[in-house]
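Chain letters run A, B, ... following the sequence lines, proteins first, then strands; residues in each count from 1. Note that these values count all heavy atoms, side chains included, but never hydrogens, waters or copies made by symmetry.
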Protein chains: 2
Amino acid sequence: MRNNSVTRQTLADQVFERIVDAIVVGDIKAGSPLSENEIAVRFNVSRGPAREAIFRLEAKGLATRVAHFGARVVDLSLDDLRSLFELREALECMACRLAAERISDAEVAVLEDCLRGHAERPEVVAGQSYYQPGGDQDFHFAIARASHNQRLFRALSDNIYDVMRPYRFRSSQTPGRAIEALKEHRAVVEALRSRDPAKAEAAMRAHIRSSWLNTQSAFQKAERS
Amino acid sequence: MRNNSVTRQTLADQVFERIVDAIVVGDIKAGSPLSENEIAVRFNVSRGPAREAIFRLEAKGLATRVAHFGARVVDLSLDDLRSLFELREALECMACRLAAERISDAEVAVLEDCLRGHAERPEVVAGQSYYQPGGDQDFHFAIARASHNQRLFRALSDNIYDVMRPYRFRSSQTPGRAIEALKEHRAVVEALRSRDPAKAEAAMRAHIRSSWLNTQSAFQKAERS
DNA sequence: TGATCGTAAACTGTAGACAGTATACGACAT
DNA sequence: ATGTCGTATACTGTCTACAGTTTACGATCA
């Protein structure tokens with residue numbers, strides 16, 4: 001039972017989480033139709049929980065719905081991705097600035113552990129791509145948490161990271177990006193350690209824009225093939 | 001025969017909108033419990049659409065739900081409001097910066113119309129509070145739209161403005177705030193007209209922080225009474 | 001009198017059936 | 001052959017009924 005949380009999960013919760021996983025991992029492809037009936041049959045529940053799960057996918061930004069027609073998994077264009085990166089820049093730069101004002105020594109230590117863990121990864125040592133699912137994810141989560149702003153944290157974790165993950169995965173193979181990203185992460189942590197909000201925000205902005213350039217070129221490359 | 005809207009609304013849509021209005025206007029007070037049955041009876045629908053409406057209220061940030069227990073209208077503390085203002089600052093400053101890069105002449109004209117409309121309001125002329133429901137709302141909507149970033153626009157319109165509105169209404173009575181706000185708005189438009197992103201972002205940040213200080217003191221004053 | 005346990009009531013969660021709507025396909029007319 | 005209309009089908013939207021859970025209240029016992 002991985003159901004050790006305080007309140008017992010409802011069927012809708014379970015279906016929702018499993019669909020999110022399936023989308024993020026790639027088992028359900030972008031643009032796929034999401035039929036209430038199909039989901040209900042697939043997970044052995046009635047249409048109620050299936051329908052509810054789809055609503056929550058829509059709220060999360062992973063699906064689009066049209067009344068009386070149905071829902072589909074979002075299929076982001078390059079423009080959509082640009083919009084998403086702009087949104088992420090707004091949220092995460094603010095989170096980083098607030099974190100510089102409010103972060104505790106223990107939270108700084110967590111970030112430094114993250115960096116150490118990343119530096120030891122074989123991909124980094126070999127100079128290849130360093131992004132593994134959940135890898136720098138932890139890093140960004142820790143910063144969002146250190147902002148001590150619950151709404152900001154939830155906006156990032158619920159509505160940004162999971163939506164971007166399938167597309168970041170595609171673009172994480174660029175050679176050399178691993179070490180570059182690690183350097184940028186170090187700059188962010190350094191600014192946070194010295195509690196310099198302006199520097200922290202600037203370092204995060206530089207990191208996200210660099211990540212966008214990388215994602216953009218990978219996206220265009222993938223489209224040509 | 002078609003309904004006069006593009007796609008015919010579902011019952012859940014209607015119930016949702018009516019509850020949002022009731023909360024924003026103040027007919028349903030902050031902290032009130034939202035019973036599925038009660039809503040269903042009140043709007044002459046079954047529990048299905050009522051339940052769906054509550055889900056959407058939760059996604060919007062206007063209600064909180066606990067499984068097997070129920071939902072309540074959010075009741076924001078001062079700390080919650082601070083978090084919300086920080087989130088708003090992040091989103092709206094980004095929107096303003098992007099708007100400075102992308103705004104059309106027609107969109108600038110709309111903003112200038114907004115300012116003219118505000119300046120002519122009797123409250124402003126009399127030096128009283130200038131905020132009327134929907135008044136500067138239009139202004140901020142126009143800027144969000146001028147960012148030409150759909151996700152940013154929706155985050156602001158769906159998840160920020162409606163949640164804040166009940167609390168901004170309380171705090172809009174401060175004498176002299178009307179003219180101050182109008183000045184700040186003019187500074188924003190001036191920066192947008194000259195397509196200066198940094199200046200536009202700074203002007204918006206100043207406006208939001210000023211608005212926060214005003215809201216904060218009004219909140220504390222209201223609590224003491 | 002106080003605390004604890006058990007029962008009942010009220011609510012949410014889930015299932016299944018019915019109703020309404022949009023799309024797709026085929027028949028018909030031009 | 002092509003365009004249009006009508007019907008059929010499959011899907012979502014809605015309703016009702018039932019099951020499960022949580023809270024609250026009252027009875028019982030120390």
Integer-rounded Å distance: D:dC11 C1' and A:E38 CD
12 Å
Between P on C:dT14 and CD on B:E36, what's the gap in Å once rounded to a whole number?
11 Å
Looking at residues at least two apart in the chain, or sitting in another chain, which of them share a ring-ring contact (aromatic ring centres under 6.0 Å, His included) with A:Y161?
A:F141
Just N and O in the side chain of A:R47: are any of them under 4.0 Å from OP1 or OP2 of C:dG16?
no
Is a side-chain donor or acceptor of A:N214 paired with a backbone partner of A:S211 at a separation under 3.5 angstrom?
no
Whole-Å gap separating C1' (D:dT23) and CZ (B:R72)
13 Å
Distance in angstrom units between A:D13 CG and C:dT12 P, rounded
16 Å
So CG of B:N159 and CG of B:L62: to nearest 0.5 Å the spacing works out to 9.0 Å
Quickly work out the B:R65 CZ to C:dG13 C1' distance and round it to whole Å.
10 Å
Select one nucleotide: of D:dT16, C:dA15, D:dG13, the one nearest the side-chain heavy atoms of A:L11.
C:dA15
In chain order, what residues pass the side-chain contact (heavy atoms from CB on, under 4.5 Å) check against A:V73, with sequence neighbours excluded?
A:I23, A:I28, A:S32, A:L34
Distance-only donor-acceptor check, side chains A:T10 and A:D13, under 3.5 Å
yes
Report the relative orientation of the aromatic rings in A:H185 and A:H118; use parallel for angles under 30°, tilted for 30 to 60°, perpendicular for over 60°.
tilted
Quick one, which residues of residues 54-63 of chain B touch DNA chain D with a heavy atom under 4.0 Å?
none
So A:G48, base contact, sugar-phosphate only, or nothing? Heavy-atom distance under 4.0 Å.
nothing
Quick one about A:S83 and A:D80 (side-chain donor to acceptor, distance below 3.5 Å, no hydrogens or angles considered), yes or no?
no
Short side-chain N/O contact from B:R51 to OP1 or OP2 of D:dG13, under 4.0 Å:
no
If you check the A:V45 side chain, which of C:dT23, C:dA15, C:dG13 turns out closest?
C:dA15
Protein-nucleotide distance (B:H68, atom NE2; D:dT21, atom C1'), rounded to Å:
6 Å
B:F69 atom CZ is separated from D:dT23 atom P, nearest whole Å, by 7 Å
Whole angstrom value for the distance that separates C1' of C:dG13 from CD of A:Q14
12 Å
